[in-house]
Amino acid sequence: MTGLTFPFLTPLRDSDRNLARAAGCGGIFLLVAVVAFIGLTVAGLVLGVSPESLEAIQTLDSPVALLVVGGMLAGLGAVVLVSARLAFGRPFASFLWPQGFRGMHLLAGIAVAVPVVVAAVVVAALIALVTGQDTGFGADAGPIPLLQGDFAYLGAAVAGMALVALGEEAIFRGVLLQLLAAWFRRALPALVLAAILFSAVHGDPDPVAFAMRVIMGLTWGWATLRLGGIEFAAGLHFGNNLLLILMIPAGEALQTGRELPVSALAAQLASAAVAITAVELMARRQRRNAAG
């Protein structure tokens, strides 16, 4: 990585490697998480929420489910940010966009995600048609949300997936990536470990799906490191999730436990190559602007 710069790591200080501060950050997070879990459990019991209702939320096949999941992950991201702010005494922005928020980077990430995801979904449909493999587009596939004209669902999908992307990026490409880099004193091992943890927390037992999420984590982490903020990665993440929600049969878009074909890895690697190429072009432009 000689000659490469990682603007996202510029806010790091020696105190970020302080074990007591790291323990304090984890302690604050766990305390708030436990209180929130107890509160949600009590609320569920009082409101009579059934296991079937929870399962319906996990399938993301209703506007309420999309907004609930988005709100939960955004809330979790906020808790992580507050914990890091209190433990390390740094501004929130230093964990997200140290150079200031750049909306064009967010839009660029969405713009890159759209053609890549659409192409991957089309390829998956063709594989299902030709080989009969279960890619979510077989003969028994359910209705495609984008074609149903359900504007309430479409609006909830946009809002919910925006919250999911911001929450997860704040956690894994924001706080976690920076703090791991502080401890390792190097970007590469922090990038790899953050990507593995990102995939692991999704709890998908399928090895192909696990590998695909690791590739996503590596791609989005690289974008964050090179561009100096999570905006582009958040745009990629949002575009990826939103299009999957809208283009894959309802209830199957983010389903875990399915055995995906190994060919899906090729599509994910191709997507990563396109995204990283865009990142490097943007990073080169940033350097020219800074020098000029």
Side-chain angles (χ1 to χ4, degrees), residues 8-9 11-47 49 51 53-55 57-58 60 65 67-98 160-185 187 189-205 210 213-214 216-217 220-221 224 229-230 233-234 237 241 254 256:
F8 187 62
L9 303 183
L12 293 183
R13 309 171 303 188
D14 288 341
S15 59
D16 292 332
R17 288 183 284 272
N18 184 290
L19 183 59
R21 288 177 181 268
C25 180
I28 295 170
F29 171 75
L30 287 176
L31 176 62
V32 175
V34 168
V35 171
F37 176 78
I38 294 173
L40 289 172
T41 301
V42 171
L45 293 173
V46 171
L47 296 174
V49 177
S53 300
L54 295 177
E55 184 176 346
I57 290 176
Q58 292 176 348
L60 301 179
L67 294 175
V68 167
V69 171
M72 289 175 62
L73 287 172
L76 190 61
V79 171
V80 170
L81 280 171
V82 170
S83 301
R85 170 72 177 89
L86 293 175
F88 294 97
R90 286 168 40 192
F92 291 119
S94 69
F95 294 102
L96 303 173
W97 32 74
M161 292 305 101
L163 292 171
V164 167
L166 289 173
E168 291 190 346
E169 291 308 308
I171 296 170
F172 292 99
R173 260 65 65 182
V175 175
L176 183 62
L177 183 57
Q178 275 199 3
L179 297 184
L180 287 175
W183 279 94
F184 284 117
R185 299 176 186 264
L191 174 65
V192 172
L193 182 55
I196 292 172
L197 291 173
F198 170 71
S199 184
V201 298
H202 283 80
D204 198 327
F210 184 90
R213 287 192 179 90
V214 170
M216 290 179 191
W220 300 340
T224 299
I230 70 168
H237 196 159
N241 283 7
L254 302 180
T256 60

| Quick one: ring-ring contact (aromatic ring centres under 6.0 Å, His included) partners of Phe95, sequence neighbours excluded? | none
| task | Any ring pair (Phe, Tyr, Trp, His ring centres under 6.0 Å) involving residues 67-90? Give me the pairs, sequence neighbours left out, ordered by first then second residue. | result | none
| said: Run the salt bridge (charged side-chain N to carboxylate O under 4.0 Å, His left out) test against Glu168 and tell me which residues pass, sequence neighbours left out. | reply: none
| task | Determine the minimum heavy-atom distance between Ser199 and Val214, stating which atoms define it. | result | CB-CG2, 3.6 Å
| message | Using every non-hydrogen atom in the two residues, find where Ala170 and Ile230 come nearest and quote the distance to one decimal. | response | N-CD1, 4.2 Å
| request: Evaluate the criterion side-chain contact (heavy atoms from CB on, under 4.5 Å) for residue pair Val82 and Ile28; output intermediate values, then yes/no. | output: CA-CA 9 Å; Val82 170; Ile28 295 170; 5.6 Å; no
| said: Val192: which residues meet the side-chain contact (heavy atoms from CB on, under 4.5 Å) condition with it, sequence neighbours left out? | reply: Leu188, Ile196, Leu218
Using atom types as modelled, flag every donor-acceptor pair under 3.5 Å from a side chain in residues 73-80 to any protein atom, sequence neighbours excluded.
none

| request: Could you pull out the closest heavy-atom pair between Glu169 and Ala233, with the gap in Å? | output: OE1-CB, 3.4 Å
| message | Please give me the minimum heavy-atom distance between Ala195 and Gly217, naming the atom from each residue. | response | CB-C, 3.7 Å
| field | Side-chain donor/acceptor of Arg17 to backbone N/O of Ala182, under 3.5 Å | value | yes
| note | Correct closest heavy-atom pair for Pro11 and Asp16 would be O-OD2, 4.0 Å
| What pairs with Arg21 under salt bridge (charged side-chain N to carboxylate O under 4.0 Å, His left out), at least two apart in sequence or on another chain? | none
| query | Measuring from Leu180:CG to Leu193:CG, what's the distance to the nearest 0.5 Å? | reply | 5.0 Å
| said: With rounding to the nearest 0.5 angstrom, report the CG to OG1 distance, Leu191 to Thr224. | reply: 9.0 Å
| His237 and Phe198 aromatic ring geometry - parallel, tilted or perpendicular at 30°/60° bounds | perpendicular
| task | With rounding to the nearest 0.5 Å, note down the distance linking CD1 in Ile171 to CG in Leu197. | result | 12.0 Å
| Is a side-chain donor or acceptor of Gln178 paired with a backbone partner of Phe8 at a separation under 3.5 angstrom? | yes
| task | Kindly give the heavy-atom pair with the smallest separation between Phe172 and Ala194, and that separation in Å. | result | O-CB, 4.1 Å
| task | With the side chain counted from C-beta on, respond yes when Leu12 and Arg90 share a heavy-atom pair under 4.5 Å apart, and no when they do not. | result | yes
